*Asks:* 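Sending over a structure as structure tokens; questions will come in a sec.
These numbers come from a predicted model, not from an experiment. Order of the sequence lines fixes the chain letters, A, B, ..., with proteins taken first and strands second; residue numbering starts at 1 for each chain.
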Amino acid sequence: MLNKVRVRFAPSPTGGLHLGGVRTVLYNYLFAKKHGGDFIVRIEDTDQSRFVPGAEQYIFDCLKWCNLEPDESPVHGGNYGPYRQSERKAIYLPYAEKLIEEGFAYYAFDTPEELEQMRIDEKTAENLSPQYDNSIRRKMKNSLTLSAEKTRQLLNAGTAHVIRIKMPEHETISFTDLVHGEVSFDSSLVDDKVLIKADGMPTYHMAVVVDDYLMQITHAFRGEEWLSSAPVHILLWKYLFGLNSMPQWAHLPLILGPNGKLSKRDGAKFGFPVYAMNWTDPRNNEFTEGFKEKGFLPEAFINLLAMLGWNSGSEQEIFSLEEMIDAFSIDRIHKSGARFDYEKATWFNQEWIRKIPVAQLTTTVKPLLEAAGCTITDDNRLTSIVQLVKDRCSLLPDFEKQAGYFYLSPVKWEREAVLPKWTSEKPEFFEQFCKNLATIGNWNFIEIETVFKNLSTEMNIKPGELQLPLRVMLVGGKYGPAVFDIAYWIGKEETIARIQKALPIFKA
RNA sequence: GCCGCGUUGGUCAAGGGGUUAAGACGCCUCCCUUUCACGGAGGAAUCACGGGUUCGAAUCCCGUACGUGGUACCA
């Protein structure tokens, strides 16, 4: 590659950041870093009616959480700004006017009502959604059908108008997509897309081309939903800047939900997140859950996303960001959409909980436990506890159950779990056990176990029949690591206290 | 409807003319553990369909079906 690699993620700040969006960011980022290039975030806020306050900040918060920081953006700065299209409004019109001069575009004065009427009038069984294309445009009110004088008149009078591209007739437009290979379209089947809207803002089509050129983008990754409008972009590049400077396109496969395209509805319906972080729409207070708050580690989140539509060709599935950068290549991106599997997603998280350094894990788990009511005064003790239980957790909130009882005495017990084996000599055992525990000088799990085993031998009760009741008394249920480890970390007094507190409830 | 893109177990996928068609998630059985996990050993389950081309097709070609995206002064 001759030029420095420059890629961009271009979201419109209209709501939460979707799984697919984050994956697009990730592939951009991986490719840029792999080739020593720049990753740019450009905000595509050309639709003022869809502007949502806070959405832009939210996007940057998500990128930060994922550790996918841009090199250039409205908040990170850069030499190709401004990075918000709304702030670039004045840039686009001259290019559109140039297209008109050269006969590649035209003014159109049709009102929204007239367009709607056209769609009704022209609709037939063979043409369910009529487009403003080469067959229709000669029936409409535009600078192609109006005299030059009339057009000038309308323009001077400030008549509302748009600028549309004039799609050529029967021309095959083809290009090589980095993911799909050769793709071609018949130009007469593509409509005359609006380039500049009546409010003077460019549409996406105009803005991507001009901005990608001005920002010297070399590779353009975007979702496959854009593939159908690629011919418009190709033509614009050809007319405006020449095909030689056009970025290489890579249309990424879609991420699908349990049935069809993945939507935030699916998340609500099936109980998994689809946004990177929690998002509340300020317009209607509609809340959508995020992976972060659901208890995913960012390392796991980007890892699982990377594997949805790409793989390294090896059997490796767990990748750190650095490993992904190293292994990434566009030619191993799949052509077909991938269905998102929440079970597998949680497996990735489980793997990452085990993989990241325990100190780092502890830092993220601590506030969770505190929020659940645990008072944590000794970080070293917490670290040991996290180490002890982390194999049992696949989502961060699992730590509340698996580590909470080290701080909070159980308030209810799974009596049913022990009742079947709860014979009359058991209470006797535990009362004596408490007395014996009290005599232990050096409180460690070997001592505790020894005392336990000795007494069970003495009373002729199988230790196995005693362990489960002990566990339930200490933690409240059938879970957690080895019982004697638990007793050790709870401490002598607390262990005895918990047994004595639970005993009457089991007797009843 | 029209146009584009796609189709390997339930899901993610390797493989791209000759393979017993990898591996992972999930599921099932067993071992370990008298908790739950982790770990270990097994198991069930796949090339959408129909035609070609070829000695030979999951792999190449053509149809069909299905899925998916687009068909806005939204991105």
*Asks:* Within this structure, what is the CG-to-P distance between A:L189 and B:C2, rounded to whole angstrom?
*Replies:* 11 Å
*Asks:* Under 4.0 Å between any heavy atoms, over every strand shown, what does A:G309 touch: base, sugar-phosphate, or nothing? Just pick one.
*Replies:* sugar-phosphate
*Asks:* Heavy atoms only, 4.0 Å cut-off, all strands: where does A:R332 land among base, sugar-phosphate and nothing?
*Replies:* sugar-phosphate
*Asks:* Expressed in angstrom and rounded to an integer, what is the separation of A:K335 atom NZ from B:G16 atom C1'?
*Replies:* 11 Å
*Asks:* Would you tabulate the side-chain donor-acceptor contacts of residues 475-486 of chain A under 3.5 Å, counting partners in other chains and residues two or more places apart, or write 'none'?
*Replies:*
residue	atom	partner	partner atom	Å
A:Y479	OH	A:V475	O	3.4

*Asks:* Would you tell me if any nitrogen or oxygen in the side chain of A:N311 comes within less than 4.0 Å of OP1 or OP2 on B:C12?
*Replies:* no
*Asks:* Suppose you measure atom P in B:U68 against the same atom in B:U11; what distance do you get, rounded to whole Å?
*Replies:* 13 Å
*Asks:* Throw together a table of side-chain donor-acceptor distances under 3.5 angstrom for residues 117-125 of chain A, partners on residues two or more places apart or in other chains.
*Replies:*
residue	atom	partner	partner atom	Å
A:E122	OE1	A:K139	NZ	3.4
A:E122	OE2	A:K139	NZ	3.2
A:T124	OG1	A:E126	N	3.4
A:T124	OG1	A:N127	N	3.1

*Asks:* Take the protein atom CG of A:N303 and the nucleotide atom P of B:A24, then report the distance between them rounded to whole Å.
*Replies:* 16 Å
*Asks:* So does A:H334 get a side-chain nitrogen or oxygen closer than 4.0 Å to the phosphate oxygens (OP1/OP2) of B:G6?
*Replies:* no
*Asks:* Between B:G50 and B:A75, how many Å separate the two P atoms, rounded to a whole number?
*Replies:* 46 Å
*Asks:* Figure out the CE/P separation between A:M167 and B:G4, and round it to whole Å.
*Replies:* 14 Å
*Asks:* Taking atom types as modelled, is there a side-chain donor on A:N134 or A:S188 under 3.5 Å from an acceptor on the other?
*Replies:* no
*Asks:* Taking side chain to side chain contact (heavy atoms under 4.5 Å, CB included) as the test, write out the residues that go with A:D47, two or more places apart.
*Replies:* A:S49, A:R50, A:K197
*Asks:* I'd like to compare against my own output: the B/S/- annotation of nucleotides 33-48 of chain B with a strict under-4.0 Å heavy-atom distance to protein.
*Replies:* -BBBBSS---------
*Asks:* What interatomic distance, in whole Å, is found between P of B:A13 and the corresponding atom of B:G18?
*Replies:* 23 Å
*Asks:* Relative to the ring of A:F445, is the ring of A:Y488 parallel (under 30°), tilted (30 to 60°) or perpendicular (over 60°)?
*Replies:* perpendicular
*Asks:* Which residues satisfy the side chain to side chain contact (heavy atoms under 4.5 Å, CB included) test with A:D341, sequence neighbours excluded?
*Replies:* A:E343, A:K344
*Asks:* Quantified in whole Å, what is the P atom distance between nucleotide B:C12 and nucleotide B:C47?
*Replies:* 16 Å
*Asks:* Please produce a list of atom pairs where a protein N or O lies less than 3.5 Å from an N or O of nucleotides 8-10 of chain B.
*Replies:*
none

*Asks:* Suppose you measure atom C1' in B:G4 against the same atom in B:U8; what distance do you get, rounded to whole Å?
*Replies:* 23 Å
*Asks:* Is it the case that the side chains of A:N142 and A:H161 hold a donor-acceptor pair, with the cut-off being a distance below 3.5 Å and no angle test?
*Replies:* no
*Asks:* Can you tell me how far CG of A:L466 sits from CD of A:E425, rounded to the nearest 0.5 angstrom?
*Replies:* 8.5 Å
*Asks:* Are the aromatic ring centres of A:F272 and A:F340 under 6.0 angstrom apart?
*Replies:* yes
*Asks:* Using atom C1' of each nucleotide, how far apart are B:A45 and B:A24 to the nearest Å?
*Replies:* 15 Å
*Asks:* Given the P atoms of B:C60 and B:G69, what is the spacing between them in whole Å?
*Replies:* 26 Å
*Asks:* Counting the atoms with a prime plus P, OP1 and OP2 as sugar-phosphate, which does A:T346 contact under 4.0 Å by heavy atoms, base, sugar-phosphate, or nothing?
*Replies:* nothing
*Asks:* Should the pair A:D212-A:R42 be classified as a salt bridge under the 4.0 Å nitrogen-to-oxygen rule?
*Replies:* yes
*Asks:* Looking at RNA chain B, which of residues 169-183 of chain A put a heavy atom within less than 4.0 Å of it?
*Replies:* A:H180, A:V183
*Asks:* If you count the non-hydrogen atoms of other residues, nucleotides and ligands that lie under 6.0 Å from NZ in A:K501, is the total more than 12?
*Replies:* yes
*Asks:* What is the distance from CG of A:L308 to C1' of B:A24, rounded to the nearest Å?
*Replies:* 13 Å
*Asks:* Restricting to salt bridge (Lys or Arg N to Asp or Glu O under 4.0 Å), what partner residues turn up for A:K401, sequence neighbours left out?
*Replies:* none
*Asks:* Considering only B:G23, B:G26, B:G1, which nucleotide approaches the side chain of A:E343 most closely?
*Replies:* B:G26
*Asks:* Please measure how far the P atom in B:G26 lies from the corresponding atom in B:C38, and state the result in whole Å.
*Replies:* 8 Å
*Asks:* Does a donor on one side chain sit under 3.5 Å from an acceptor on the other, for A:S174 and A:T172?
*Replies:* no
*Asks:* How many whole angstroms separate atom CD of A:E122 from atom C1' of B:G1?
*Replies:* 15 Å
*Asks:* When every nucleotide of nucleotides 60-75 of chain B is labelled 5' to 3' by its protein contacts under 4.0 Å (heavy atoms), B for base, S for sugar-phosphate only, - for none, what sequence of letters results?
*Replies:* --------SBSBSBBB
*Asks:* In whole angstrom, give the distance that lies between atom CD1 of A:I333 and atom C1' of B:G6.
*Replies:* 16 Å
*Asks:* Would you say the ring centers of A:F452 and A:F429 fall short of 6.0 Å from each other?
*Replies:* yes
*Asks:* Would you sketch RNA chain B in dot-bracket for me? Only Watson-Crick or G-U wobble pairs with both distances under 3.5 Å count, crossing pairs as [ ], other-strand pairs as |, the rest as dots.
*Replies:* (((((((..(((.....[....))).(((((.......)))))....(((((..]....))))))))))))....
*Asks:* List the residues meeting side chain to side chain contact (heavy atoms under 4.5 Å, CB included) with A:S329, not counting sequence neighbours, and say none if there are none.
*Replies:* A:D331, A:R332
*Asks:* In chain order, what residues pass the salt bridge (Lys or Arg N to Asp or Glu O under 4.0 Å) check against A:D186, with sequence neighbours excluded?
*Replies:* none
*Asks:* Has A:R339 got a side-chain atom pairing as donor or acceptor with A:G257's backbone, closer than 3.5 angstrom?
*Replies:* yes
*Asks:* To the nearest Å, how far apart are A:R222 CZ and B:G4 C1'?
*Replies:* 13 Å
*Asks:* Per the ring pair (Phe, Tyr, Trp, His ring centres under 6.0 Å) rule, which among A:F221, A:F319, A:W310 passes with A:F328?
*Replies:* A:W310
